[in-house]
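Everything on this sheet refers to the single structure shown next.
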Amino acid sequence: MGRQDCKQEQKLNIGRRSPCRLPLTRMKRIICTTLLVETSPQAMPLGAACIASAIKSSPKTAGHFSVELRDFSLEDDALRSLATEAEKANSIAHALVANTPDAVCFSVYVWNHLLLEAVSHALKKMLPHVVCIAGGPEVTANPLAFQEFDYTIAGQGEGAVPALLAELFPQDSAATPEHSNFPHHKPIAGVYAIASREAASPQDHGNSPCRALPCLPDELSSPYLDGTLDPARYGGALWELARGCPFKCSYCYESKGEQKIAYFPMERLEKEIALFAEKKIPQVFVLDPTYNANKQRAVQMLKTIARKAPGMFFYFEARAEFIDRELAHAFATIPCALQIGLQSADPAVLKNVHRTLDKKLFARNIGYLNDAGVTFGFDLIYGLPGDTYAGFCKSIDFALSLYPNNLELFCLSVLPGTTLHDDAPAFGMEWEEKPPYHVLRTPQFSPDDLARAEKLSQAVNFFYNDGRAVPWFNAILFPLHRRASQFFEDFAAFQQNAGSKKKHIEKIQTHGEPNSSVATEQQQLEFIRAQYKARRLENLLPAVEDIVRMNNALSQCTADGTESTINMHYHPDDIMSEYATDIRFFVQNCGKQTCRVRVFSGKNGIDWRLV
Ligand code: SF4
């Protein structure tokens, strides 16, 4: 559900396709719902929970409605077993109908847009009186494009939804919706009545729709603190520290935002983090797209986290240009990982999407993270206006030279309602009309190039990210005299040629079989052997295999405690020494020592010993 307006007076009409005819004899039931793309600690119905929490606490609606939070996941067994989208939509609608709601608030995103529209359609067939309301970033961008809902909310929903519900279901029990002034024309900020959209002026409903002004964060109730959302159920928490962004990357919904950051009050955040600690939540995903835009606040928050939630793992999104030594050391004081949007290593390409990059500054600041031992990853986008496949490959090479823990490669989405959506025709771009709105071609990036980039993305994800290759990747690449992007192109071709093996890998990637890390390592080693043999570097292979196996065993044990025993050609202390980063030098100067090594979780952390 999107963000809302508490104060702005607006000009839009409220109306509805058919009058509500429910008698007002019982407390109205409201369901706040969403469809999650996966079942994971990172997938939580936070937006829907914020709306539910707002309905419970708003003076307009508090105590007048029965509010339920209901979330579904595409990975729920009940949905996975269904073949078609229509069946999935019907299944969700049936589940919602069981509670006979009077209104359903849908939290809509790119990944659930089409299915939730189908759910609303099915729901209204089963329960004609139900009022369907939709909000969220997709709806905010284009509130009049959603035909299957009765109302759409542009902007933040915490103020607009209670205001709308109060109008739809007045508390005067003597009145019915028909006898009240419903449907009527009282304006509510950010609310679009789909049935009466024609009545609104083009100025309001054109490219710049009337949007609810943001609420002040200190006016919003916390869905965690009021018990609406229990993070223990999800094994993690999405923790909203701030709303808004000072940047205007043209492909992002924030490109037409207010360029302001509104921070949630420290008092609320301290209570939330104490609750997470009390519930022993293992991991927290921080929602603040530029966590370190305010360094003083960022450092203060890290100290609070270290004090209140020692041992809890945190994920942050950060801007590389604001990282310095002090901040890097502050991050190093807690268990955490940073995700950093690089998007492209070509400043000219980034200029086309209203971003800037100073490569030297970027590399220097990432060096501070490496020096402090902070885990971080990068995002890159392929298909950006002005970029080429060769340029994208250079971006991969630059990114991997900085030792990221993971590298995520995304296809560009031309999202409706963003500045890029306005600019894209002038760039000669073509893109999908429906979610996920992927770019289909640009004058510089052909469909074939996009397909090659997608294969590279899969190869990097499998070999580097899932294969936890960061500790050893640059060391094993160096003797091959290949660029990182060439290496992954070769790996993509290797996977393609693997035939049935590839199908097996895809199965593992999709369903995460228990032995997937073993299968991944087998694939890594098989490919590395082929590469080294093709270049007559067989003499280096024993050391290479030891390096891969030893580091993978340590990563696995760190990640999930899995202990393992491996056969090695060299002593593990030598393999884990800095000399092994130069494999040729290592092989020339270090004697072999065949041994078996146990990697385990000891009193002082991950350790190994000869067995
Ligand atoms: S991509 Fe990130 S930094 Fe850029 S405008 Fe969006 S939220 Fe802000």
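In listed order, ligands and their atoms are each counted from 1. Quick caveat, the model's predicted, so the values are computed rather than measured.
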Q) Do the two ring centres, one from F316 and one from F331, sit under 6.0 Å apart? A) yes
Q. Is the distance between the ring centroids of F487 and F473 less than 6.0 Å?
A. yes
Q: Assess whether side-chain hydrogen bond (donor to acceptor under 3.5 Å, both in side chains) is satisfied between E38 and S40, documenting all intermediate values.
A: CA-CA 6 Å; E38 61 183 6; S40 79; 2.9 Å; yes
Q: State which residue, out of L74, V37, L35, L36, fulfils the side chain to side chain contact (heavy atoms under 4.5 Å, CB included) condition with W111.
A: V37
Q.
Parallel, tilted or perpendicular: which one describes the rings of F398 and F362, with boundaries at 30° and 60°?
A. tilted
Q) When you check the space around atom 6 (Fe) of ligand 1, which protein N, O or S atoms turn up under 2.8 Å? A) C252 SG
Q) For ligand 1, which atoms have a heavy atom of R319 less than 4.0 angstrom away? A) 3 (S)
Q: Scan V139, I133, I51 and name whichever one has a side chain to side chain contact (heavy atoms under 4.5 Å, CB included) with I153.
A: I133
